[in-house]
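Keep in mind it's a predicted model, so treat the numbers as computed, not measured.
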Amino acid sequence: MIRVGIAGIGFMGMIHYHAYEKVRGARVTAICETDPKRLAGDWRGIKGNFGPAGKRMDLGGIARYDQLDKLVADPNIDLIDVCLPPALHADTTVAALTAGKHVFCEKPIALTTAEADRMVKTAGRSGKLLLIGHVLPFFTQYQLAYRAAMEGKYGRLLGGNFKRVISDPLWIPDFYDPAKVGGPVVDLHVHDAHFIRVLFGMPAAVQSVGRMRGEVPEYFNTQFLFEDPSLVVTATSGVIYQQGRPFTHGFEVHFEKATLIYDDLAALGVTQDPARSVAVLTEDGKATRPKLRLGDELDAFAAEINEVVAAVRTNTPSTLLDGVLARDALVLCHKQTDSIRRGRTIRIGR
(Lines give C-alpha, C1' and ligand atoms only; values in the text may rest on other atoms or scores of the structure.)
Protein backbone atom coordinates (compact mmCIF):
# COMPACT_ATOMS: atom_id res chain seq x y z
CA MET A 1 0.00 0.00 0.00
CA ILE A 2 1.42 3.37 -1.04
CA ARG A 3 1.00 5.88 1.76
CA VAL A 4 0.18 9.39 0.55
CA GLY A 5 0.48 12.80 2.17
CA ILE A 6 -1.45 15.62 0.48
CA ALA A 7 0.11 19.07 0.74
CA GLY A 8 -2.64 21.67 0.41
CA ILE A 9 -6.37 21.14 0.84
CA GLY A 10 -7.82 23.58 -1.65
CA PHE A 11 -9.96 22.64 -4.63
CA MET A 12 -7.40 20.32 -6.24
CA GLY A 13 -6.34 18.85 -2.90
CA MET A 14 -9.98 17.94 -2.27
CA ILE A 15 -10.36 16.48 -5.78
CA HIS A 16 -7.23 14.36 -5.30
CA TYR A 17 -8.43 13.19 -1.88
CA HIS A 18 -11.72 11.94 -3.36
CA ALA A 19 -9.90 10.37 -6.31
CA TYR A 20 -7.71 8.34 -3.93
CA GLU A 21 -10.93 6.96 -2.44
CA LYS A 22 -11.58 5.34 -5.85
CA VAL A 23 -8.09 3.84 -6.20
CA ARG A 24 -6.67 0.55 -4.93
CA GLY A 25 -3.08 0.38 -3.81
CA ALA A 26 -2.83 3.88 -2.34
CA ARG A 27 -4.24 5.53 0.76
CA VAL A 28 -4.10 9.07 2.12
CA THR A 29 -2.40 8.82 5.51
CA ALA A 30 -1.65 12.51 6.10
CA ILE A 31 -2.60 16.02 4.99
CA CYS A 32 -0.99 19.42 5.45
CA GLU A 33 -3.04 22.63 5.48
CA THR A 34 -2.61 26.02 7.18
CA ASP A 35 -6.35 26.77 7.35
CA PRO A 36 -7.47 25.35 10.73
CA LYS A 37 -11.06 24.77 9.55
CA ARG A 38 -9.93 22.70 6.57
CA LEU A 39 -7.38 20.88 8.68
CA ALA A 40 -10.21 19.92 11.03
CA GLY A 41 -12.27 18.54 8.13
CA ASP A 42 -14.59 21.45 7.31
CA TRP A 43 -14.24 21.63 3.52
CA ARG A 44 -17.57 23.33 2.85
CA GLY A 45 -15.90 26.55 1.72
CA ILE A 46 -13.90 24.87 -1.07
CA LYS A 47 -15.19 25.74 -4.56
CA GLY A 48 -14.13 25.02 -8.13
CA ASN A 49 -15.50 24.74 -11.66
CA PHE A 50 -16.37 21.02 -11.57
CA GLY A 51 -16.65 18.06 -9.24
CA PRO A 52 -18.40 17.58 -5.92
CA ALA A 53 -19.09 20.42 -3.50
CA GLY A 54 -16.99 20.68 -0.37
CA LYS A 55 -18.46 19.10 2.75
CA ARG A 56 -17.54 18.11 6.29
CA MET A 57 -15.00 15.27 6.22
CA ASP A 58 -14.21 12.56 8.73
CA LEU A 59 -10.40 12.67 8.92
CA GLY A 60 -10.08 10.13 11.68
CA GLY A 61 -6.87 8.09 11.36
CA ILE A 62 -5.24 10.70 9.11
CA ALA A 63 -2.22 12.61 10.42
CA ARG A 64 -2.75 16.36 10.13
CA TYR A 65 0.01 18.93 9.90
CA ASP A 66 0.00 22.70 9.63
CA GLN A 67 3.65 22.87 8.53
CA LEU A 68 5.15 21.35 5.39
CA ASP A 69 8.40 20.30 7.02
CA LYS A 70 6.46 18.04 9.39
CA LEU A 71 4.60 16.41 6.48
CA VAL A 72 7.82 15.87 4.54
CA ALA A 73 9.51 14.36 7.60
CA ASP A 74 6.69 11.88 8.32
CA PRO A 75 8.25 8.38 7.99
CA ASN A 76 4.83 6.88 7.29
CA ILE A 77 4.56 8.59 3.90
CA ASP A 78 5.88 7.20 0.59
CA LEU A 79 4.47 9.84 -1.77
CA ILE A 80 3.87 13.57 -1.33
CA ASP A 81 0.96 14.85 -3.44
CA VAL A 82 1.56 18.58 -3.96
CA CYS A 83 -1.68 20.54 -4.42
CA LEU A 84 -0.37 23.90 -3.30
CA PRO A 85 -0.43 27.13 -5.34
CA PRO A 86 2.01 26.95 -8.29
CA ALA A 87 4.46 29.37 -6.70
CA LEU A 88 5.10 26.76 -3.98
CA HIS A 89 5.51 23.73 -6.26
CA ALA A 90 9.27 23.89 -6.74
CA ASP A 91 10.42 24.35 -3.14
CA THR A 92 7.94 21.80 -1.78
CA THR A 93 8.84 19.22 -4.43
CA VAL A 94 12.58 19.64 -3.94
CA ALA A 95 12.21 19.30 -0.16
CA ALA A 96 10.11 16.14 -0.52
CA LEU A 97 12.44 14.52 -3.05
CA THR A 98 15.47 15.36 -0.92
CA ALA A 99 13.72 13.74 2.05
CA GLY A 100 13.39 10.51 0.06
CA LYS A 101 9.74 10.79 -0.98
CA HIS A 102 8.27 10.29 -4.41
CA VAL A 103 6.36 13.36 -5.60
CA PHE A 104 3.10 13.74 -7.50
CA CYS A 105 2.72 17.47 -8.17
CA GLU A 106 -0.28 19.19 -9.72
CA LYS A 107 0.21 21.07 -12.96
CA PRO A 108 1.85 23.36 -13.87
CA ILE A 109 5.15 21.83 -12.83
CA ALA A 110 6.29 25.31 -11.73
CA LEU A 111 6.04 28.95 -12.80
CA THR A 112 9.52 29.28 -14.32
CA THR A 113 11.67 27.02 -16.44
CA ALA A 114 14.52 27.37 -13.93
CA GLU A 115 12.28 26.01 -11.17
CA ALA A 116 11.13 23.15 -13.38
CA ASP A 117 14.73 22.27 -14.23
CA ARG A 118 15.62 22.27 -10.53
CA MET A 119 12.76 19.86 -9.80
CA VAL A 120 13.75 17.49 -12.62
CA LYS A 121 17.42 17.53 -11.62
CA THR A 122 16.62 16.91 -7.96
CA ALA A 123 14.47 13.91 -8.90
CA GLY A 124 17.34 12.52 -10.94
CA ARG A 125 19.78 12.89 -8.05
CA SER A 126 17.39 11.50 -5.43
CA GLY A 127 16.41 8.37 -7.32
CA LYS A 128 12.77 9.18 -6.59
CA LEU A 129 10.01 9.79 -9.10
CA LEU A 130 8.71 13.20 -10.10
CA LEU A 131 5.21 12.88 -11.56
CA ILE A 132 3.26 15.93 -12.73
CA GLY A 133 -0.54 15.97 -12.69
CA HIS A 134 -1.42 16.58 -16.32
CA VAL A 135 -4.78 14.84 -16.18
CA LEU A 136 -6.06 15.69 -19.68
CA PRO A 137 -4.86 12.46 -21.42
CA PHE A 138 -6.88 10.47 -18.85
CA PHE A 139 -10.22 12.01 -19.85
CA THR A 140 -12.04 9.52 -22.07
CA GLN A 141 -12.30 11.79 -25.12
CA TYR A 142 -8.61 12.73 -25.03
CA GLN A 143 -7.60 9.15 -24.27
CA LEU A 144 -9.35 8.12 -27.50
CA ALA A 145 -7.24 10.58 -29.53
CA TYR A 146 -4.06 9.64 -27.68
CA ARG A 147 -4.49 5.92 -28.29
CA ALA A 148 -5.34 6.46 -31.96
CA ALA A 149 -2.12 8.45 -32.34
CA MET A 150 0.07 5.98 -30.45
CA GLU A 151 -1.38 2.92 -32.22
CA GLY A 152 -1.41 4.45 -35.70
CA LYS A 153 -5.05 3.46 -36.05
CA TYR A 154 -5.81 6.15 -38.65
CA GLY A 155 -2.37 6.56 -40.14
CA ARG A 156 0.05 9.43 -39.63
CA LEU A 157 -0.86 12.51 -37.59
CA LEU A 158 -1.31 15.63 -39.71
CA GLY A 159 -2.16 18.12 -36.96
CA GLY A 160 -5.17 19.52 -35.17
CA ASN A 161 -6.61 22.38 -33.22
CA PHE A 162 -7.41 22.65 -29.54
CA LYS A 163 -9.52 25.03 -27.45
CA ARG A 164 -9.90 25.78 -23.76
CA VAL A 165 -11.90 28.85 -22.76
CA ILE A 166 -13.43 30.01 -19.48
CA SER A 167 -15.05 33.07 -17.98
CA ASP A 168 -13.03 34.97 -15.40
CA PRO A 169 -12.15 32.49 -12.57
CA LEU A 170 -13.01 34.87 -9.76
CA TRP A 171 -12.59 32.11 -7.17
CA ILE A 172 -8.81 31.89 -7.80
CA PRO A 173 -6.87 34.58 -5.91
CA ASP A 174 -3.95 36.15 -7.81
CA PHE A 175 -4.92 34.31 -11.01
CA TYR A 176 -3.25 36.93 -13.22
CA ASP A 177 -0.09 37.24 -11.13
CA PRO A 178 2.81 35.61 -13.03
CA ALA A 179 4.70 35.08 -9.76
CA LYS A 180 1.81 33.28 -7.99
CA VAL A 181 -0.55 31.47 -10.42
CA GLY A 182 0.56 32.43 -13.93
CA GLY A 183 -2.68 33.43 -15.62
CA PRO A 184 -4.62 31.65 -18.39
CA VAL A 185 -1.62 30.49 -20.40
CA VAL A 186 0.18 28.73 -17.51
CA ASP A 187 -2.82 27.65 -15.45
CA LEU A 188 -5.31 26.80 -18.23
CA HIS A 189 -3.71 26.37 -21.64
CA VAL A 190 -0.84 24.31 -20.16
CA HIS A 191 -3.20 21.30 -20.44
CA ASP A 192 -3.32 21.59 -24.21
CA ALA A 193 0.36 22.55 -24.47
CA HIS A 194 1.17 19.27 -22.71
CA PHE A 195 -1.22 17.25 -24.91
CA ILE A 196 0.23 18.83 -28.06
CA ARG A 197 3.73 17.97 -26.83
CA VAL A 198 2.65 14.36 -26.18
CA LEU A 199 0.99 13.89 -29.57
CA PHE A 200 3.30 15.78 -31.90
CA GLY A 201 6.62 16.20 -30.11
CA MET A 202 8.27 19.52 -29.29
CA PRO A 203 7.51 22.32 -31.77
CA ALA A 204 10.37 24.23 -33.33
CA ALA A 205 8.64 27.61 -32.88
CA VAL A 206 5.38 29.32 -31.95
CA GLN A 207 3.51 32.28 -33.39
CA SER A 208 0.88 33.72 -31.04
CA VAL A 209 -1.48 36.68 -31.08
CA GLY A 210 -3.60 37.74 -28.15
CA ARG A 211 -4.73 40.25 -25.56
CA MET A 212 -2.67 40.86 -22.46
CA ARG A 213 -3.98 41.53 -18.96
CA GLY A 214 -1.06 43.07 -17.15
CA GLU A 215 1.94 40.77 -17.59
CA VAL A 216 0.09 37.67 -18.79
CA PRO A 217 -1.95 36.74 -21.88
CA GLU A 218 -5.68 36.93 -21.28
CA TYR A 219 -6.94 35.41 -24.54
CA PHE A 220 -4.82 34.12 -27.43
CA ASN A 221 -4.43 32.02 -30.56
CA THR A 222 -1.25 30.09 -31.37
CA GLN A 223 0.22 28.38 -34.40
CA PHE A 224 2.71 25.68 -33.39
CA LEU A 225 5.43 25.32 -36.01
CA PHE A 226 7.29 22.03 -36.48
CA GLU A 227 10.34 20.95 -38.44
CA ASP A 228 7.88 18.81 -40.41
CA PRO A 229 5.89 21.42 -42.38
CA SER A 230 3.01 18.99 -42.96
CA LEU A 231 2.08 19.21 -39.24
CA VAL A 232 -0.48 21.99 -38.80
CA VAL A 233 -1.33 22.54 -35.12
CA THR A 234 -3.20 25.45 -33.54
CA ALA A 235 -4.75 26.30 -30.19
CA THR A 236 -7.14 28.89 -28.75
CA SER A 237 -7.34 29.54 -25.04
CA GLY A 238 -8.00 32.12 -22.38
CA VAL A 239 -10.61 34.10 -20.51
CA ILE A 240 -13.61 36.03 -21.84
CA TYR A 241 -15.51 38.73 -19.96
CA GLN A 242 -18.96 37.14 -20.02
CA GLN A 243 -19.46 35.33 -16.71
CA GLY A 244 -22.22 33.23 -18.27
CA ARG A 245 -19.58 31.30 -20.23
CA PRO A 246 -18.96 27.95 -18.55
CA PHE A 247 -15.66 26.13 -18.89
CA THR A 248 -15.46 24.61 -22.36
CA HIS A 249 -12.80 22.61 -24.15
CA GLY A 250 -12.44 20.50 -27.25
CA PHE A 251 -10.26 19.38 -30.14
CA GLU A 252 -10.10 18.41 -33.78
CA VAL A 253 -7.24 15.99 -34.44
CA HIS A 254 -6.33 15.24 -38.05
CA PHE A 255 -4.92 11.92 -39.23
CA GLU A 256 -4.25 10.66 -42.76
CA LYS A 257 -7.35 8.46 -42.72
CA ALA A 258 -9.66 10.13 -40.20
CA THR A 259 -10.44 13.25 -38.21
CA LEU A 260 -11.48 13.04 -34.55
CA ILE A 261 -13.71 15.86 -33.28
CA TYR A 262 -14.67 16.55 -29.68
CA ASP A 263 -16.81 19.56 -28.79
CA ASP A 264 -18.07 20.17 -25.27
CA LEU A 265 -21.35 21.69 -26.46
CA ALA A 266 -23.28 20.44 -23.43
CA ALA A 267 -21.45 23.05 -21.36
CA LEU A 268 -23.11 25.73 -23.53
CA GLY A 269 -26.57 24.27 -23.07
CA VAL A 270 -26.64 22.45 -26.42
CA THR A 271 -28.41 19.11 -26.00
CA GLN A 272 -26.17 16.17 -26.79
CA ASP A 273 -25.40 12.76 -25.41
CA PRO A 274 -22.06 13.17 -23.56
CA ALA A 275 -21.29 9.51 -24.25
CA ARG A 276 -21.35 10.36 -27.98
CA SER A 277 -19.45 13.64 -27.77
CA VAL A 278 -16.69 12.49 -30.15
CA ALA A 279 -17.20 12.17 -33.90
CA VAL A 280 -14.90 10.18 -36.19
CA LEU A 281 -14.87 11.33 -39.82
CA THR A 282 -13.32 8.70 -42.09
CA GLU A 283 -11.99 8.75 -45.64
CA ASP A 284 -15.00 6.81 -46.92
CA GLY A 285 -17.24 9.80 -46.17
CA LYS A 286 -18.79 8.35 -43.03
CA ALA A 287 -19.23 10.08 -39.69
CA THR A 288 -19.54 7.81 -36.66
CA ARG A 289 -19.87 8.51 -32.96
CA PRO A 290 -18.09 5.91 -30.84
CA LYS A 291 -19.94 5.04 -27.65
CA LEU A 292 -17.73 6.25 -24.83
CA ARG A 293 -17.77 4.95 -21.29
CA LEU A 294 -18.09 8.11 -19.23
CA GLY A 295 -18.12 8.00 -15.46
CA ASP A 296 -18.27 10.91 -13.05
CA GLU A 297 -15.90 13.88 -13.09
CA LEU A 298 -13.49 12.21 -10.68
CA ASP A 299 -12.83 9.17 -12.86
CA ALA A 300 -10.12 10.84 -14.95
CA PHE A 301 -8.30 11.84 -11.78
CA ALA A 302 -8.64 8.30 -10.42
CA ALA A 303 -7.17 6.97 -13.69
CA GLU A 304 -4.32 9.46 -13.39
CA ILE A 305 -3.63 8.37 -9.82
CA ASN A 306 -3.70 4.72 -10.89
CA GLU A 307 -0.87 5.67 -13.27
CA VAL A 308 0.96 7.26 -10.33
CA VAL A 309 0.48 4.15 -8.20
CA ALA A 310 1.80 1.89 -10.96
CA ALA A 311 4.85 4.10 -11.46
CA VAL A 312 5.68 4.28 -7.74
CA ARG A 313 5.10 0.56 -7.20
CA THR A 314 7.65 -0.30 -9.91
CA ASN A 315 9.80 2.83 -9.48
CA THR A 316 9.38 3.44 -13.22
CA PRO A 317 8.77 6.84 -14.83
CA SER A 318 5.33 7.44 -16.33
CA THR A 319 5.07 8.07 -20.05
CA LEU A 320 2.34 10.69 -19.60
CA LEU A 321 3.19 12.22 -16.21
CA ASP A 322 6.93 12.62 -16.77
CA GLY A 323 8.54 15.74 -15.32
CA VAL A 324 10.46 16.51 -18.51
CA LEU A 325 7.25 16.54 -20.55
CA ALA A 326 5.68 18.88 -18.00
CA ARG A 327 8.75 21.11 -18.19
CA ASP A 328 8.41 21.21 -21.99
CA ALA A 329 4.73 22.21 -21.67
CA LEU A 330 5.75 25.11 -19.43
CA VAL A 331 8.37 26.18 -21.97
CA LEU A 332 5.69 26.25 -24.67
CA CYS A 333 3.52 28.47 -22.47
CA HIS A 334 6.32 30.97 -21.88
CA LYS A 335 7.29 31.02 -25.55
CA GLN A 336 3.70 31.87 -26.49
CA THR A 337 3.67 34.72 -23.99
CA ASP A 338 6.93 35.96 -25.46
CA SER A 339 5.48 35.78 -28.97
CA ILE A 340 2.45 37.88 -27.99
CA ARG A 341 4.60 40.49 -26.23
CA ARG A 342 7.12 40.79 -29.07
CA GLY A 343 4.73 40.35 -31.97
CA ARG A 344 6.79 37.77 -33.81
CA THR A 345 7.57 34.09 -34.20
CA ILE A 346 9.64 32.70 -31.31
CA ARG A 347 12.02 29.78 -31.78
CA ILE A 348 12.13 27.07 -29.15
CA GLY A 349 15.56 25.88 -28.06
CA ARG A 350 16.26 22.85 -25.91
Q. When rounded to the nearest 0.5 angstrom, what distance separates CE in Met202 from CG in Asp328?
A. 4.0 Å

Q) Between His194 and Leu321, is there a donor-acceptor pair closer than 3.5 Å when you use the side chain of the first and the backbone of the second? A) no

Q. Charged N to carboxylate O below 4.0 Å: is that the case for Arg27 and Asp78?
A. no

Q. Distance-only, no hydrogens or angles: does the His89 side chain make a donor-acceptor pair with backbone N or O of Pro108 under 3.5 Å?
A. yes

Q. Asp74: what forms a side chain to side chain donor-acceptor pair (under 3.5 Å) with it, not counting sequence neighbours?
A. Tyr65

Q: Specify whether Tyr20 and His16 have parallel, tilted or perpendicular ring planes, treating 30° as the upper limit for parallel and 60° as the lower limit for perpendicular.
A: perpendicular

Q: Name all residues meeting the side chain to side chain donor-acceptor pair (under 3.5 Å) criterion together with Glu252; count only those two or more places apart in sequence or in a different chain, and write none if there are none.
A: His254

Q: In plain terms, say whether Lys55 and Asp42 are close enough for a salt bridge, that is, a side-chain N and a carboxylate O under 4.0 Å apart.
A: no

Q: May I ask you to say whether Arg347 pairs ionically with Glu227, meaning some side-chain N is under 4.0 Å from a carboxylate O?
A: yes

Q. Using 30° and 60° as the class limits, which term best fits the ring planes of Tyr142 and Tyr262: parallel, tilted or perpendicular?
A. perpendicular

Q: Quick one: sort the His189 and Phe224 rings into parallel, tilted or perpendicular, breaks at 30° and 60°.
A: parallel

Q) When you look at CZ of Arg147, are more than 12 heavy atoms from neighbouring residues, nucleotides or ligands closer to it than 6.0 Å? A) no

